[in-house]
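Structure record follows, encoded as structure tokens.
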Amino acid sequence: MTLPTPYAEEVLDIVARIPAGRVLAYGDVARLLDRGGPRSVGLVMSRWGGGVPWWRVVRADGTPAGCHAGQALRRLRAERTPLSVDGSRVDMATARWDGRWPARS
DNA sequence: CTCTTGACGCCGG
DNA sequence: TCCGGCGCCAAGA
């Protein structure tokens with residue numbers, strides 16, 4: 001297991017800040033960093049995503065990525081992330097994080 | 001420097 | 001809605 005590259009550190013930092021109950025698409029992370037692309041982010045998550053809330057990063061259409069789909073859906077549901085009616089994907093329209101901290105009461 | 005590899009995104013059909 | 005195809009970008013060989 002090689003150490004995270006500087007770019008990877010930036011990606012992981014963003015992911016670590018996603019509030020519970022909200023999500024980001026791979027492409028969103030890249031745009032917030034204003035660097036790289038969706039695939040680069042995916043590559044980082046596959047190698048070093050284990051230390052951050054990886055289930056809060058999903059595809060642009062709201063479906064969790066790859067082999068962890070089942071696990072991800074479980075966790076998302078557990079933290080009350082808005083899901084589609086059939087529960088198979090995240091409701092991106094309401095769950096997408098804008099990069100700002102949640103409004104507190 | 002070139003080529004390949006992905007937990008991706010978008011645009012048709 | 002569900003595919004297929006092409007573009008995308010960091011990393012490593």
Side-chain angles (χ1 to χ4, degrees):
Chain A
M1 183 84 171
T2 57
L3 275 66
T5 62
Y7 175 72
E9 294 281 11
E10 295 185 69
V11 170
L12 296 175
D13 184 64
I14 292 286
V15 176
R17 295 179 192 231
I18 305 175
R22 309 298 298 281
V23 300
L24 279 183
Y26 292 87
D28 292 338
V29 178
R31 278 191 293 274
L32 285 174
L33 287 176
D34 195 48
R35 192 175 169 192
R39 312 207 56 173
S40 306
V41 174
L43 184 55
V44 171
M45 291 304 289
S46 71
R47 299 188 61 177
W48 302 288
V52 295
W54 51 265
W55 58 91
R56 293 175 192 156
V57 183
V58 300
R59 290 182 181 149
D61 66 358
T63 61
C67 45
H68 304 92
Q71 282 291 319
L73 252 10
R74 244 193 65 119
R75 287 174 175 280
L76 290 168
R77 189 197 285 281
E79 58 185 47
R80 316 174 126 238
T81 305
L83 299 181
S84 62
V85 184
D86 63 7
S88 68
R89 59 175 53 176
V90 174
D91 178 3
M92 296 305 282
T94 61
R96 194 192 304 263
W97 184 43
D98 56 14
R100 292 174 224 165
W101 294 103
R104 56 199 91 120
S105 53

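Reminder, nothing fancy here: chain letters follow the sequence lines and each chain counts from 1.
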Between dC9(C) and dC11(B), how many Å separate the two P atoms, rounded to a whole number? 16 Å
With the criterion being N/O to N/O and under 3.5 Å, what pairs connect the protein with nucleotides 10-13 of chain C, and how long is each?
residue : atom : partner : partner atom : Å
dA10(C) : O4'  : S40(A)  : OG           : 3.3
dA11(C) : OP1  : T5(A)   : OG1          : 2.4

Minimum-distance nucleotide (side-chain atoms of H68(A) versus dA7(B), dC8(C), dC10(B)): dA7(B)
If every non-hydrogen atom of I18(A) is compared with every non-hydrogen atom of R56(A), which pair is closest and at what distance? O-NH1, 2.9 Å
Check: S40(A)/R35(A) side-chain N/O donor and acceptor closer than 3.5 Å: no
Treating W48(A) as the side-chain partner and T2(A) as the backbone partner, does any N or O pair qualify as donor plus acceptor under 3.5 Å? yes
Nearest-Å distance for atom pair CZ/P, residues R89(A) and dA7(B): 20 Å
For R96(A) and L24(A), indicate whether the former's side chain and the latter's backbone hold a donor-acceptor pair under 3.5 Å. no
Whole-Å gap separating C1' (dC2(C)) and CG (D61(A)): 11 Å
Nearest whole Å is fine: how far is dC8(B) C1' from R96(A) CZ? 13 Å
Would one find a side-chain N or O of R59(A) under 4.0 angstrom from OP1 or OP2 of dC8(B)? yes
Of the listed dA7(B), dC10(B), dG7(C), the closest approach to the S46(A) side chain comes from dA7(B)
In sequence, state the C-alpha distance, the side-chain angles, and the governing distance for R74(A) and W55(A), and then conclude on side-chain contact (heavy atoms from CB on, under 4.5 Å). CA-CA 9 Å; R74(A) 244 193 65 119; W55(A) 58 91; over 6 Å; no
Just do the side-chain contact (heavy atoms from CB on, under 4.5 Å) check on D13(A) and R17(A) with the steps written out, would you? CA-CA 7 Å; D13(A) 184 64; R17(A) 295 179 192 231; 3.2 Å; yes
Quick one: closest heavy-atom pair of A60(A) and A25(A), and the distance? CA-CB, 3.9 Å
Nearest whole angstrom, please: distance from the P of dG9(B) to the CE of M45(A). 13 Å
With sugar-phosphate meaning primed atoms plus P, OP1 and OP2, does A25(A) contact a base, only sugar-phosphate, or nothing at under 4.0 Å between heavy atoms? sugar-phosphate
Expressed as a whole number of angstroms, how long is the span from W54(A):CH2 to dC8(B):C1'? 17 Å
Rounded to whole Å, OH of Y26(A) lies from C1' of dC8(B) at a distance of 8 Å
What is the distance from CG of L12(A) to C1' of dA7(B), rounded to the nearest Å? 13 Å
Please report the distance, rounded to the nearest Å, between CD in E10(A) and C1' in dC9(C). 14 Å
Nearest-nucleotide 5' precedence on DNA chain B, G50(A) against R31(A): G50(A)
